[in-house]
Every structure is written in C-alpha cells, then in structure tokens.
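What's counted below: heavy atoms across the whole structure, side chains too, no hydrogens, waters or symmetry copies. Numbered from 1 within each chain, the chains take letters A, B, ... in sequence-line order. Note that the structure is predicted; figures quoted are calculated from it, not measured.
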2 protein chains.
Amino acid sequence: MDAIDLSLVELLRGNARLSYAELARQVGLSAPAVHERVGKLESGGVIRAYRAEVEPEAIGLGVTALIGIVEDSGGDADDVLEAFRQMPEIESCYFMAGVESFLLKARVGTIAELEQLIVRLNRTPGVASTRTGIALSTKWENRPQPLTPPGA
Amino acid sequence: MDAIDLSLVELLRGNARLSYAELARQVGLSAPAVHERVGKLESGGVIRAYRAEVEPEAIGLGVTALIGIVEDSGGDADDVLEAFRQMPEIESCYFMAGVESFLLKARVGTIAELEQLIVRLNRTPGVASTRTGIALSTKWENRPQPLTPPGA
DNA sequence: GGCTCAGGTCGATGGCGTCCACGGACGGTG
DNA sequence: CACCGTCCGTGGACGCCATCGACCTGAGCC
C-alpha cells in the first residue's frame with residue numbers, strides 16, 4: 001500500500017469505470033502495471049466491489065429508515081444477525097456500542113412495507129424492541145472522503 | 001425504464017466494471033444498444049456514479065460513528081447543512097423526522113479524531129446538541145437489494 | 001398509404017485489456 | 001565484490017471492446 005496504490009483507490013472511489021489506460025496516465029505507470037496493482041488491491045481485500053450508485057426513488061425504493069435494535073437478554077447475537085441478513089430491505093447493519101446493539105439502514109418502497117418490516121423485526125427471536133427513524137430526505141450518502149495516507 | 005433498463009441497473013449495482021459487451025450478452029441486446037441505454041440512465045439521473053467500495057480500515061478509517069443532531073430553534077437548516085458539507089469525515093447525511101433533525105454517518109481514523117469532530121459539530125451555529133453512537137463493527141453496508149419492478 | 005421518430009442491428013476502426021518476455025534495482029550470501 | 005533470486009516495472013503483440021455511422025423496422029399519426 002504505497003502512495004500509488006492510494007491514488008488508484010482514490011481514483012476508483014471517484015469513478016469505478018475508469019479504464020486501466022486512464023488510471024495509468026493519472027498515476028504515471030504503464031497499463032499492465034496498473035492492472036497488476038489493482039488486481040492485488042482486489043484480491044487483498046482493499047477493494048471489495050465496484051458498484052453503480054443508483055437514485056433509490058428511480059427503482060422504487062423511496063423510503064429510507066434507520067432502525068435501532070435492542071437485544072433480548074437471552075438471545076444470541078449471531079442468530080439475530082442471520083435473521084437480519086435474510087431481510088433484503090436491510091442495506092446496512094452496524095453492531096453498536098450502547099443500549100441498541102444494532103443499527104440498521106433499511107430501504108423500502110412504501111410506508112406500508114416499512115410497517116411490515118418493523119413487525120417482522122419485532123417478531124424476530126432475540127429482538128426485544130426496535131426504534132425507527134424515517135429519513136425525510138437523503139442529503140448525501142457514501143461520499144468518498146479525500147485520502148490522507150496513514151500517518152499524515 | 002423498462003425491464004431491460006432494470007436488469008442493466010441491477011447488473012451494474014452488482015459489478016460496475018462490467019463491459020458493455022458483457023452487459024449486452026446478459027440482457028440480449030447489441031453492445032451499442034446497451035451503450036445508449038446506460039448513457040440515458042446516467043444522464044437521466046438514475047445512475048449517479050460508479051464507485052469502488054473500499055475496506056475502510058485499509059485506508060486508515062477504522063472508526064465509524066453515527067451522530068444524531070438536534071437543531072437550535074433559531075438556526076437555519078441550510079446553514080447547518082452547508083457546515084456539515086464542509087466536513088469531509090461526514091460520509092452520509094440524512095434529514096430525519098423526530099427530535100434529531102439530522103443523522104450523520106462519519107468515518108475517522110481514531111477516537112481522538114472523532115472527539116475533534118464532535119467538538120466541531122457542537123460548535124457549529126444552529127446545532128443545539130449531538131448524540132454519538134460508535135459502530136463496533138460493520139456487518140455489511142450498502143448491500144444492493146434485488147430489484148422488484150415498481151408494481152410487482 | 002406514406003411520414004416520422006424511436007430504438008434497434010450491423011460493420012468498421014482505433015483504442016484498450018491482457019499476456020508474455022525482458023530488464024533494472026535491491027538485498028542476502030559465498 | 002561478484003553473484004543471484006525476487007520484485008516490479010516496461011514494451012510489444014494480439015484479440016476483444018467501445019464507439020461511430022449507416023441502415024432497418026415497427027408504431028403512431030396525418
């Protein structure tokens with residue numbers, strides 16, 4: 001992970017469809033060299049995926065909610081997690097410090113679907129209670145921040 | 001936005017670096033046709049960006065926090081928003097229903113940096129108080145959910 | 001019917017991805 | 001010091017891909 005790798009990561013976070021030739025020009029290496037570096041970043045787990053970022057409303061997912069989960073004292077966190085994983089509406093899942101063990105970001109089409117999701121969550125074994133906040137609008141999301149090399 | 005557009009979006013959400021030729025094979029059109037469709041999806045705002053998804057720890061951003069913001073009664077939400085926008089640590093920003101007007105997802109390198117960020121947030125004009133939760137681990141994030149055509 | 005337009009296919013061409021052989025820099029070893 | 005792997009890069013070659021223009025086809029409308 002040197003400065004060139006960092007530049008490549010930053011370039012690809014900004015635009016994942018840049019060609020290797022273009023990346024090569026930007027970092028001052030040849031295309032095969034860049035190809036190899038990016039390959040190593042991928043297989044080394046630094047780059048996890050390349051994703052198109054889509055306007056959620058355009059694909060019928062207009063409702064965003066953030067849901068805090070309080071765990072049952074007797075429950076097993078792994079089982080709860082597995083149950084969450086089965087629910088495709090849950091886009092993100094964080095294990096949190098605090099009373100609410102999990103924070104979920106969910107995306108659904110309608111408030112009715114959100115209601116159904118919350119019911120399902122509350123019925124899930126290991127879940128004691130839920131607390132839902134609705135996002136009225138998303139100002140921005142997953143904005144890449146400029147990379148400062150570790151130790152700068 | 002027909003079924004083919006939806007497939008293209010779904011394919012690109014899964015892997016943004018697919019070639020037009022490969023997309024064409026998957027949806028059963030010619031490459032130029034796919035090229036034109038994807039171009040329209042981009043310029044129509046359905047596809048907002050293509051991003052590489054990076055392991056945050058690998059680029060020195062090991063601490064994830066979710067911060068709720070209570071607004072000052074006298075403040076202007078736009079000014080607050082603009083102040084948030086200037087803080088690169090804030091990756092996502094939702095305008096919420098409820099007492100806490102905003103929910104922020106922030107990513108920093110160390111707890112010390114998080115402390116500094118919280119101090120800056122509390123000093124921001126228009127911000128009455130903040131409430132910070134720390135993510136101990138990210139189970140998953142921005143998982144694309146299977147697309148169901150609107151009305152299915 | 002015949003016009004027009006949207007949206008597709010086909011063919012050509014220049015650039016790109018990717019494989020391979022080669023070469024210099026570096027560090028450990030007789 | 002000379003020697004020799006190893007790492008990491010370059011340059012060339014070749015086939016595939018992106019992209020443009022020309023043409024085709026079906027739907028909607030005078």
Undergrad: Is there a side-chain contact between B/Arg107 and B/Val63, using heavy atoms and a 4.5 Å cut-off?
TA: no
Undergrad: Out of D/dC17, D/dT19, C/dT9, which nucleotide sits closest to the side chain of B/Leu29?
TA: C/dT9
Undergrad: Rounded to whole Å, please give me the gap between CD in B/Glu36 and C1' in C/dA6.
TA: 9 Å
Undergrad: When you measure from the side chain of A/Glu22 to the backbone of A/Leu18, do you find a donor-acceptor pair of N or O atoms at a distance under 3.5 Å?
TA: no
Undergrad: Take atom CG of A/Leu18 and atom P of C/dG15, then tell me their distance rounded to the nearest Å.
TA: 19 Å
Undergrad: Between B/Ala31 and A/Lys40, which residue's closest nucleotide on DNA chain D lies nearer the 5′ terminus?
TA: A/Lys40
Undergrad: Check the distance between C/dG8's C1' and B/Ile4's CD1 and give it to me in whole angstrom.
TA: 10 Å
Undergrad: Of the options C/dT18, D/dT19, D/dC8, whose atoms approach the side-chain atoms of B/Tyr20 most closely?
TA: D/dT19
Undergrad: Ignoring backbone atoms, test whether A/His35 places a side-chain nitrogen or oxygen under 4.0 Å from the OP1 or OP2 oxygen of C/dT18.
TA: yes
Undergrad: Tell me: CG of A/Asp2 to C1' of D/dC7, nearest whole Å?
TA: 13 Å
Undergrad: If we only count heavy atoms from C-beta on, is the B/Ile67 to B/Ile90 side-chain gap below 4.5 Å?
TA: no
Undergrad: Starting at the 5' end of DNA chain D and moving along, which residue's nearest nucleotide shows up first, A/Arg17 or A/Ser30?
TA: A/Ser30
Undergrad: In terms of side-chain heavy atoms of B/Ala21, which of D/dA18, D/dT10, C/dG11 is nearest?
TA: D/dA18
Undergrad: At 4.0 Å (heavy atoms only), tell me whether B/Ser19 reaches a base, stays on the sugar-phosphate, or touches nothing.
TA: sugar-phosphate
Undergrad: Would you mind telling me which of C/dT18, D/dA18, C/dT9 lies closest to the side-chain atoms of B/Pro32?
TA: C/dT9
Undergrad: Look at the side chain of A/Ala33 and decide which nucleotide, out of D/dC20, D/dC17, D/dT10, has an atom nearest to it.
TA: D/dT10
Undergrad: With a 3.5 Å cut-off and no angle check, do the side chains of A/Glu141 and B/Ser92 form a donor-acceptor pair?
TA: no
